[in-house]
Amino acid sequence: MRRVAFITGITGQDGSYLAEFLLAKGYEVHGLIRRASTFNTGRIDHIYQDPHDPKRRLYLHYGDLTDGSMLARLLAEIRPDELYNLGAQSHVGVSFDMPEYTANVTALGTLRLLESVREAQVRPRIYQASSSEMFGNVPPPQREDSGFDPASPYAAAKVFAHHVAGLYRDAYGLFVCRGILFNHESPRRGETFVTRKVTRAVARIVAGKERKVYLGNLDARRDWGYAPEYVEAMWQMLQLDKPGDFVLATGEAHSVRELCQVAFGLVGLDWREHVEVDARYLRPKDVALLVGDASRARKELGWEPKVRFRELVQIMLQADLEREGVDPAKVLTVDPLPTRPAWAQRP
């Protein structure tokens with residue numbers, strides 16, 4: 001029988017790649033989307049299927065992680081084999097401006113979802129999206145058994161969600177895998193996240209539409225990987241015989257300054273002429289260094305990140321150049337790269 005998956009946060013970067021990946025594997029995919037007066041499905045428009053198509057395998061449901069009764073009804077109706085909880089207010093900077101909302105969606109939303117599983121009396125295998133931000137300034141490399149020292153409302157909310165997911169696994173016997181993912185990026189990354197902010201700015205500067213990009217802490221160092229590879233590992237976790245916790249990371253750390261050097265250098269520009277620091281983008285408390293140890297994922301999942309930092313930046317920059325109507329082959333100082341994995345229909 002066809003396997004059924006339910007994804008919260010299906011319209012986000014990870015949710016859109018995961019939906020595409022699961023459809024390619026023959027799944028029936030259900031996704032939770034928030035009701036809005038404007039279309040907010042841009043990342044999944046290319047896989048959208050008409051509700052009148054008798055062969056469709058993608059179903060979208062209006063709902064929200066702040067509505068527990070709706071979640072229970074939906075789970076009882078769908079009865080998924082696999083549940084991927086990717087929904088969250090996931091922007092660290094925004095979480096300082098909207099701490100209560102961030103906690104309501106990211107922390108309590110996870111609790112509501114787990115309770116809804118119990119109420120609906122369904123037993124899907126559950127993937128809980130945890131975050132490297134939970135570690136804060138704990139000395140690297142950070143592993144599954146490292147302590148947590150959250151440095152933002154988002155990170156604190158994720159720590160709550162991580163612990164409550166583990167509690168429901170232990171107390172109620174739910175099959176819950178917690179993926180502690182370090183930063184993972186792609187051409188579908190939101191434009192306010194620093195990696196995409198930089199590659200988009202470079203593309204617009206090349207196109208003559210901008211001159212500067214304004215950033216915060218240039219010394220912050222992060223472990224950046226390629227999002228499509230990380231969503232494949234989410235699926236791999238739920239195929240195990242027993243649930244577990246896994247760090248996904250490249251094991252390399254690069255600064256925001258390096259990100260600028262590489263991105264501008266790929267089109268022959270000096271980043272120092274186009275990047276300025278704006279105090280508005282400095283956070284009340286920041287994390288200096290995050291770098292993960294994915295040894296357990298390598299051993300138990302056979303997972304290994306293939307796309308490294310420079311290649312990741314180039315993949316994102318190429319896509320942004322094309323969005324601005326610029327042919328990458330004419331402006332890049334290196335040869336163009338493939339911009340999507342084999343199973344994805346677009347970058």
Side-chain angles (χ1 to χ4, degrees), residues 5 7 12-25 27 82 84 86 125 127-135 138-146 162 175-189 193 195 199 221-255 258-259 262 289-319 334-345 347:
I7 305 171
Q13 169 189 254
D14 291 4
S16 65
Y17 279 121
L18 180 61
E20 201 167 2
F21 176 76
L22 294 174
L23 287 171
K25 284 192 166 293
Y27 278 67
E82 297 172 6
Y84 297 86
L86 311 183
R125 294 186 168 211
Y127 172 81
Q128 169 59 27
S130 294
S131 169
S132 61
E133 290 291 334
M134 300 187 305
F135 294 118
V138 169
Q142 293 96 3
R143 304 178 177 86
E144 292 84 0
D145 57 357
S146 297
H162 182 82
F175 189 108
V176 180
C177 287
R178 301 180 296 185
I180 308 175
L181 274 58
F182 282 65
N183 296 67
H184 45 290
E185 319 295 315
S186 76
R188 298 185 194 175
R189 189 56 139 158
F193 288 81
T195 48
T199 60
R221 299 174 66 198
R222 294 293 184 270
D223 186 324
W224 279 302
Y226 186 40
E229 296 180 343
Y230 286 54
V231 302
E232 290 188 32
M234 295 176 190
W235 174 80
Q236 287 179 286
M237 291 179 203
L238 297 195
Q239 312 315 306
L240 295 172
D241 293 333
K242 295 181 180 180
D245 303 329
F246 296 91
V247 161
L248 298 184
T250 68
E252 300 176 4
H254 300 272
S255 68
E258 289 177 79
L259 169 66
V262 172
L289 172 62
L290 289 173
V291 57
D293 178 355
S295 298
R296 180 181 294 178
R298 188 177 301 112
K299 178 181 179 181
E300 297 186 27
L301 302 177
W303 182 83
E304 186 84 38
K306 299 179 179 64
V307 175
R308 296 294 178 169
F309 179 68
R310 292 186 64 88
E311 186 178 355
L312 170 64
V313 176
Q314 184 177 341
I315 288 171
M316 295 178 67
L317 177 57
Q318 285 179 197
V334 295
D335 293 331
L337 294 167
T339 58
R340 63 177 183 268
W343 47 263
Q345 297 178 27

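Note that the structure is a prediction, hence the values are computed from the model and not measured.
- Side-chain contact between W235 and K25: present, with at least one pair of heavy atoms (C-beta onward) separated by less than 4.5 Å.
- Across all non-hydrogen atoms, the minimal contact from V247 to F182 is CG1-CE1, 3.6 Å.
- Aromatic ring centres of W303 and Y230: separated by under 6.0 Å.
- Summarising the geometry, atom OG belonging to S186 is positioned 9.5 Å from atom CD1 belonging to I315; distances are rounded to the nearest 0.5 Å.
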Next item on the list: For side-chain contact (heavy atoms from CB on, under 4.5 Å), just list the numbers for F175 and Y127, CA-CA rounded to whole Å, side-chain angles, deciding distance to a tenth of an Å, and then say yes or no.
Entry: CA-CA 9 Å; F175 189 108; Y127 172 81; over 6 Å; no
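- Here the CH2 atom belonging to W224 is positioned 5.5 Å from the CZ atom belonging to F309, to the nearest 0.5 angstrom.
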Checklist line | Criterion side-chain contact (heavy atoms from CB on, under 4.5 Å) on L301 and M237, from CA distance to verdict | finding: CA-CA 7 Å; L301 302 177; M237 291 179 203; 3.9 Å; yes
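- Salt-bridge check for E133 with R222: passed, with a basic side-chain N closer than 4.0 Å to an acidic carboxylate O.
- To the nearest 0.5 Å, the span separating OG1 on T195 from CG on L317 amounts to 12.0 Å.
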Notebook entry, point to check: Could you go step by step and tell me if Y17 and W343 meet the side-chain hydrogen bond (donor to acceptor under 3.5 Å, both in side chains) rule?
Noted result: CA-CA 9 Å; Y17 279 121; W343 47 263; over 6 Å; no
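- Considering every non-hydrogen atom in both P347 and T339, the closest pair reads CG-OG1, 3.3 Å.
- Considering only heavy atoms from C-beta on, L86 comes within 4.5 Å of M234 through its side chain.
- At most 12 non-hydrogen atoms from other residues, nucleotides or ligands lie less than 6.0 angstrom from CZ of R310.
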Notebook entry, point to check: When you look at S132 and N183, which way does the side-chain contact (heavy atoms from CB on, under 4.5 Å) test go after all the steps?
Noted result: CA-CA 7 Å; S132 61; N183 296 67; 3.8 Å; yes
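- Side-chain atoms of R340 come within 3.5 Å of backbone N or O of A344 as a donor-acceptor pair.
- Paired with D245 under the rule side chain to side chain donor-acceptor pair (under 3.5 Å), one option of R178, Q128, H162, R143 passes, and it is R178.
- Looking only at distances, no side-chain donor or acceptor of D223 sits under 3.5 Å from a matching main-chain atom of L290.
- The CD atom of E20 lies 5.0 Å from the CD atom of Q345; values are rounded to the nearest 0.5 Å.
- With hydrogens and angles disregarded, a donor-acceptor distance shorter than 3.5 Å links the side chain of Q142 to the backbone of V138.
- Expressed to the nearest 0.5 Å, how far OG1 of T250 lies from CD of E304 amounts to 10.0 Å.
- Contact record, V231 with L18: O-CD1, 3.9 Å, taken as the closest heavy-atom pair.
- Q13 contributes no side-chain N or O that, together with a main-chain N or O of R188, makes up a donor-acceptor pair within less than 3.5 Å.
- A donor-acceptor distance shorter than 3.5 angstrom exists from the side chain of S255 to the backbone of E258, with no hydrogens or angles considered.
- Taking both residues in full, the closest heavy atoms of P187 and A319 are given as CB-CB, 3.5 Å, listed atom of the first, atom of the second, then distance.
- Judged by distance alone, the side chains of Q318 and Q314 do bring a donor and an acceptor atom under 3.5 Å apart.
- Proximity of a side-chain donor or acceptor of E252 to a complementary backbone N or O of R308 within less than 3.5 Å is not detected.
- Taking every heavy atom of both residues into account, A297 and L248 meet most closely at CB-CD2, 3.8 Å.
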Next item on the list: Apply the test side-chain contact (heavy atoms from CB on, under 4.5 Å) to residues F246 and I180: give CA-CA distance (whole Å), side-chain angles for both, the deciding distance (0.1 Å), then the verdict.
Entry: CA-CA 6 Å; F246 296 91; I180 308 175; over 6 Å; no
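- Within 6.0 Å of CG on D145 lie more than 12 heavy atoms contributed by other residues, nucleotides or ligands.
- Salt bridge status for R125 with E82: absent, with no side-chain N to carboxylate O gap under 4.0 Å.
- Considering NE2 of H184 and CG of L312, their distance stands at 11.5 Å, rounded to 0.5 Å.
- At distances below 3.5 Å, not a single donor-acceptor pair connects side-chain atoms of E229 with backbone N or O atoms of P305.
- Counting only heavy atoms from C-beta outward, the side chains of P341 and F21 never approach each other to under 4.5 Å.
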